[in-house]
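To start, the structure under review is shown below, and the notes come after it.
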2 protein chains.
Amino acid sequence: MTLYLAPLYEDVKPLLIAIDCIIFGVQDAKMKLLIFKREVEPLAGSWSLLGSFVNFEESVDEAAERILFELTGLEDIYMEQLHCFGAVNRDPGGRVVSIAYWSLIRVDQSHLEFNVRTHESKWISIDAIPELVLDHREMVEMAISNLRERARFKPIGFELLPQEFTMVQLLKVYEAIFDHPIDNRNFRKKLLKSGLLIPLTKKDKSTSKKGSFLYKFNQETYSKLSREGYSFGF
Amino acid sequence: MTLYLAPLYEDVKPLLIAIDCIIFGVQDAKMKLLIFKREVEPLAGSWSLLGSFVNFEESVDEAAERILFELTGLEDIYMEQLHCFGAVNRDPGGRVVSIAYWSLIRVDQSHLEFNVRTHESKWISIDAIPELVLDHREMVEMAISNLRERARFKPIGFELLPQEFTMVQLLKVYEAIFDHPIDNRNFRKKLLKSGLLIPLTKKDKSTSKKGSFLYKFNQETYSKLSREGYSFGF
DNA sequence: TCAAAAGTGTTTCAGGTACACCCATGG
DNA sequence: CCATGGGTGTACCTGAAACACTTTTGA
C-alpha cells in the first residue's frame with residue numbers, strides 16, 4: 001500500500017472510497033430500480049445497489065462510469081452525482097466513504113439483459129423497496145427525491161425513452177417519475193410549444209389500431225432548456 | 001498506516017479525503033466569499049478555500065463542521081454538501097478526493113473576526129473571484145449556482161441575517177444572492193403573505209429618520225416551507 | 001360495427017410583473 | 001421645511017389547471 005504524498009500530507013490516514021449506483025428505469029409505466037445480490041463479504045447474499053471501489057488511477061466520475069459499464073454494459077448514460085455518504089460505521093468491512101450516483105437507462109436496451117444476467121439482479125418498483133444493505137436505502141430515497149426535483153426543471157424524461165417514441169410513452173414516463181396522473185391535453189400542449197419534440201410522419205401501431213405518431217427529441221432545444229431550466233411541473 | 005479491513009477489501013488502495021468549505025456571507029449588499037492564504041505545501045501562499053482532511057474516526061459531515069469551526073469559531077451554521085471532486089490530478093500533493101461544502105454565515109457574528117484573524121483571510125465579492133489553488137474556482141462556481149438554485153425554493157436568505165432584521169435588509173440579501181434588483185412592493189407582498197415573517201413593534205432607526213420595522217423569522221413556517229419548497233423566484 | 005386508444009380547444013383562476021406616489025422624521 | 005429612506009395598491013398578463021368529445025381502424 002504505497003501512496004505518493006507531499007511531505008505535509010504524510011500523517012493523514014487514507015480511507016477507502018466506493019461508488020454506489022442507483023439505476024432507474026421505467027417499466028410497465030412504473031419507475032423501477034435495479035438491485036443486485038451482493039457477492040462480497042460482509043453481507044454477501046443481501047440485496048444491494050451496484051457498487052465497487054474507486055481505483056487509484058481513475059477519477060471518481062470515471063470510476064462511476066466504469067462500474068456501471070462493467071455490470072450493465074451500458075455507456076454514455078445519463079448519470080448524476082448524488083451525494084457523498086461518509087458516516088464512520090456505515091460499512092462494517094472498514095472505513096469506507098461512498099459516493100453515490102444515479103442514472104437513467106432505457107430498459108429496452110437489449111444488451112442490458114445479457115450483461116446483467118451473469119449476476120443476480122432484479123428490477124423493483126420504487127414504491128416497494130426491500131431491505132438493502134448498509135445505508136443503501138437512504139441513498140435510494142435521496143436519489144428519488146433528487147430525480148424528481150431534477151425532472152421538474154430539466155427535460156430528463158427523454159433519457160428514459162428510445163430514440164423515437166410516442167406522446168403517450170413520454171407522458172407515461174412523467175407519470176412514473178412523479179407518481180401521479182397527468183392531464184393528457186395539457187401535457188401535449190405544453191410539450192409541443194416547448195419545441196423539444198420533432199414530429200415524425202411515422203406512426204407506431206403496436207399499441208392501437210389507429211396508431212400514434214412518433215416524435216424524436218430536438219437535441220438543440222434539449223441542451224438549451226437543460227441549461228436554462230424549464231418547468232415540467234405537472 | 002493501519003486500516004481495519006474485511007478480508008475482501010484488502011487489495012483496495014485507499015485515498016485521501018479532504019473537505020473544502022465555500023463560505024458565503026453578505027456585506028455591503030454584495031454576496032461575498034471567504035478565502036484564505038494556504039499555509040501548507042504544496043502551493044503555500046496562494047489563495048484557497050478553507051480546507052483540511054477527514055480524520056479516520058469522524059464522519060465526512062462531522063469533518064466539515066469541525067474544519068469550519070476550527071477556523072471560524074462558528075457552530076450550528078447552515079451547511080450543505082455540494083459535490084465530490086475526484087479528478088486524479090486535482091491535487092499535486094497526492095491522490096486527494098475532496099468533498100466540498102458551502103455554508104451561509106451572518107457576517108456580523110462578532111467572534112468570527114477574532115478567530116479568522118489568526119490566519120490570513122479576506123472576503124471577496126463573488127463576481128470578482130481571484131485565482132484560487134487547485135480546482136477551487138470550479139468549486140466556487142458550482143457552489144454559487146447551487147446556492148442560487150437552492151435559494152429559489154428554500155427560504156435560506158434568512159440564514160444570512162441577524163435574529164431581527166428589516167424588510168429592506170432581507171430584500172438586499174436576495175438582491176445579493178440573485179445579483180439583480182427586486183421590486184420592493186412585490187417582495188413585501190409575497191413575503192408577508194408567506195407567513196415567514198413575524199412583525200415586531202420595534203423599529204430600527206440606524207438607517208433612516210423614519211425608522212423601519214423589524215421582523216423575525218417564523219421558525220415553524222420556515223421549516224414547513226423548507227420541506228415543501230417555496231418559490232422565491234424574483 | 002364496435003372496442004380501444006389517439007388526438008383535440010376553451011374557460012377559469014392564481015400568481016407574477018410592472019409601475020408611482022405618500023409618509024414619517026431628524027436635522 | 002425639506003431631504004432621506006420606508007412604506008403602500010392596482011391593473012395587466014401569462015401560464016397552469018380543469019374538463020369531454022371526436023377520430024381512426026383492425027378485428
Side-chain angles (χ1 to χ4, degrees), chain A residues 28-29 148 151-153 155 157 161 164-175 177-216 221 225 228-234, chain B residues 28-29 148 151-153 155 157 161 164-216 225 228-234:
Chain A
D28 308 326
R148 290 197 172 131
R152 284 170 52 109
F153 298 101
L161 287 172
E164 304 186 342
F165 53 91
T166 69
M167 196 63 94
V168 177
Q169 285 177 300
L170 184 60
L171 182 133
K172 294 231 178 291
V173 164
Y174 275 98
E175 288 187 328
I177 293 177
F178 295 124
D179 195 31
H180 64 72
I182 296 170
D183 183 272
N184 178 0
R185 281 172 286 189
N186 293 337
F187 184 82
R188 283 167 193 267
K189 219 184 311 168
K190 180 159 183 180
L191 272 151
L192 288 174
K193 197 165 51 163
S194 75
L196 278 167
L197 302 181
I198 299 173
L200 304 177
T201 48
K202 287 184 281 181
K203 281 193 164 193
D204 168 24
K205 296 216 165 191
S206 64
T207 53
S208 80
K209 294 158 186 173
K210 188 179 177 182
S212 70
F213 280 107
L214 289 163
Y215 295 84
K216 58 178 188 176
T221 314
L225 296 188
E228 298 172 4
Y230 179 74
S231 170
F232 276 90
F234 293 108
Chain B
D28 308 326
R148 290 195 173 132
R152 282 170 53 110
F153 299 101
L161 287 171
E164 303 185 344
F165 54 91
T166 69
M167 196 65 93
V168 177
Q169 285 177 299
L170 185 60
L171 181 133
K172 294 225 177 296
V173 164
Y174 274 98
E175 288 188 328
I177 294 176
F178 295 124
D179 195 31
H180 65 72
I182 296 171
D183 184 90
N184 178 1
R185 281 173 287 191
N186 294 337
F187 184 81
R188 283 167 194 269
K189 219 185 311 170
K190 180 157 182 181
L191 271 152
L192 289 174
K193 198 165 51 161
S194 75
L196 277 167
L197 302 181
I198 300 173
L200 305 176
T201 48
K202 287 185 282 180
K203 280 192 164 193
D204 167 26
K205 295 216 164 191
S206 65
T207 52
S208 81
K209 294 157 187 171
K210 186 179 177 181
S212 70
F213 280 107
L214 289 164
Y215 295 85
K216 58 178 189 177
L225 296 189
E228 297 172 6
Y230 179 73
S231 169
F232 275 91
F234 292 109

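Chain letters run A, B, ... following the sequence lines, proteins first and then strands; every chain starts at 1.
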Next item on the list: Could you please spell out the steps behind the side-chain contact (heavy atoms from CB on, under 4.5 Å) verdict for B:F187 and B:V168?
Entry: CA-CA 10 Å; B:F187 184 81; B:V168 177; over 6 Å; no

Interatomic distance, [X] [atom1] vs [N] [atom2] [rounded to whole Å]:
| X | N | atom1 | atom2 | value |
| --- | --- | --- | --- | --- |
| B:K172 | D:dG6 | NZ | C1' | 11 Å |
| B:F213 | D:dG7 | CZ | P | 7 Å |
| A:L192 | C:dA6 | CG | C1' | 13 Å |
| A:K193 | D:dA17 | NZ | P | 12 Å |
| A:L171 | C:dG7 | CG | C1' | 13 Å |
| A:L170 | C:dA6 | CG | P | 13 Å |
| A:F165 | C:dA6 | CZ | P | 15 Å |

Next item on the list: Kindly state which residues belonging to residues 179-191 of chain A come within less than 4.0 angstrom of DNA chain D, counting heavy atoms of the residue only, listed by number.
Entry: A:D183, A:R185, A:N186, A:K189, A:K190

[X] versus [Y]: any side-chain heavy-atom pair under 4.5 Å?
| X | Y | result |
| --- | --- | --- |
| B:Q169 | B:K172 | no |
| A:L192 | A:Y215 | yes |
| B:E164 | B:D204 | no |

Between N or O atoms, less than 3.5 Å apart, protein on one side and nucleotides 23-27 of chain C on the other: list the pairs.
{"unit_1": "C:dC23", "atom_1": "O2", "unit_2": "B:K210", "atom_2": "NZ", "d": "3.1"}
{"unit_1": "C:dT25", "atom_1": "O3'", "unit_2": "B:K209", "atom_2": "O", "d": "3.3"}
{"unit_1": "C:dG26", "atom_1": "OP1", "unit_2": "B:K205", "atom_2": "NZ", "d": "3.4"}

Check: Under 3.5 Å, side chain of B:T166 to main-chain N/O of B:S212, donor-acceptor pair present?
Finding: no

Margin query: Run B:S231 and B:K190 through side-chain contact (heavy atoms from CB on, under 4.5 Å) and show every step you take.
Written below: CA-CA 10 Å; B:S231 169; B:K190 180 157 182 181; 4.2 Å; yes

Check: Taking all non-hydrogen atoms of both residues, which atom of B:L225 and which atom of B:S194 are closest, and how far apart?
Finding: CD1-O, 4.3 Å

Notebook entry, point to check: Centres of the A:Y230 and A:F232 rings: under 6.0 Å?
Noted result: yes

